[in-house]
Amino acid sequence: MKQQSITSLPPSPEAERRSRMIKYSIAMAIRLLCILAMLFVQGWWLAVCAVGAIVLPYIAVVIANVGGSGLGGAVERPGTVVPVAGQASATGAGAPPTTGDASNGESERMPRDDDDRNAA
């Protein structure tokens, strides 16, 4: 079994939330500067500041909600993968756990919480 590494885990919810709030706060500070600049600028700079003040809330939300920085990578599930019935090797090694009476030749795969392929 492969040993789990702390670097393969995603950031904690608190760290992720803090990072998103910092990104959002920076974008909103820039928006506030655009609104204040509208009081002092003239000409086409007024239009630039107005567009910034109008568009930045949307951009801030999108930037704050974009996926993480990619430092965590893919999270690997500990343990082994259990093959689906019918895909097990002919020798029976690694076959999924079964229930039922083996003497009558019928066996069923035990349901798993994370197996929604057979949920119908």
K.L.:
Only counting residues at least two apart or in another chain, list the ones meeting side chain to side chain contact (heavy atoms under 4.5 Å, CB included) with Ile26.
P.N.:
Ile22, Ile30
K.L.:
Give the other cluster members for Leu46, using side-chain heavy-atom distances under 4.5 Å between Ile, Leu, Val, Met, Phe, Trp and Tyr residues; answer none if it is isolated.
P.N.:
Met38, Val41, Trp44, Trp45, Val48
K.L.:
Quick one: closest heavy-atom pair of Cys34 and Leu56, and the distance?
P.N.:
SG-CD1, 4.4 Å
K.L.:
List the residues meeting side chain to side chain contact (heavy atoms under 4.5 Å, CB included) with Ile35, not counting sequence neighbours, and say none if there are none.
P.N.:
Arg31, Ala53
K.L.:
In the hydrophobic clustering (ILVMFWY, side-chain contacts below 4.5 Å, transitive), which residues join Tyr24, or is it alone?
P.N.:
Met28, Val61
K.L.:
Honestly curious: do Ile63 and Val51 fall in one hydrophobic cluster under the side-chain, below-4.5 Å linking rule?
P.N.:
yes
K.L.:
Would you please name every residue forming a side chain to side chain contact (heavy atoms under 4.5 Å, CB included) with Glu14, sequence neighbours left out?
P.N.:
Ser12, Arg17
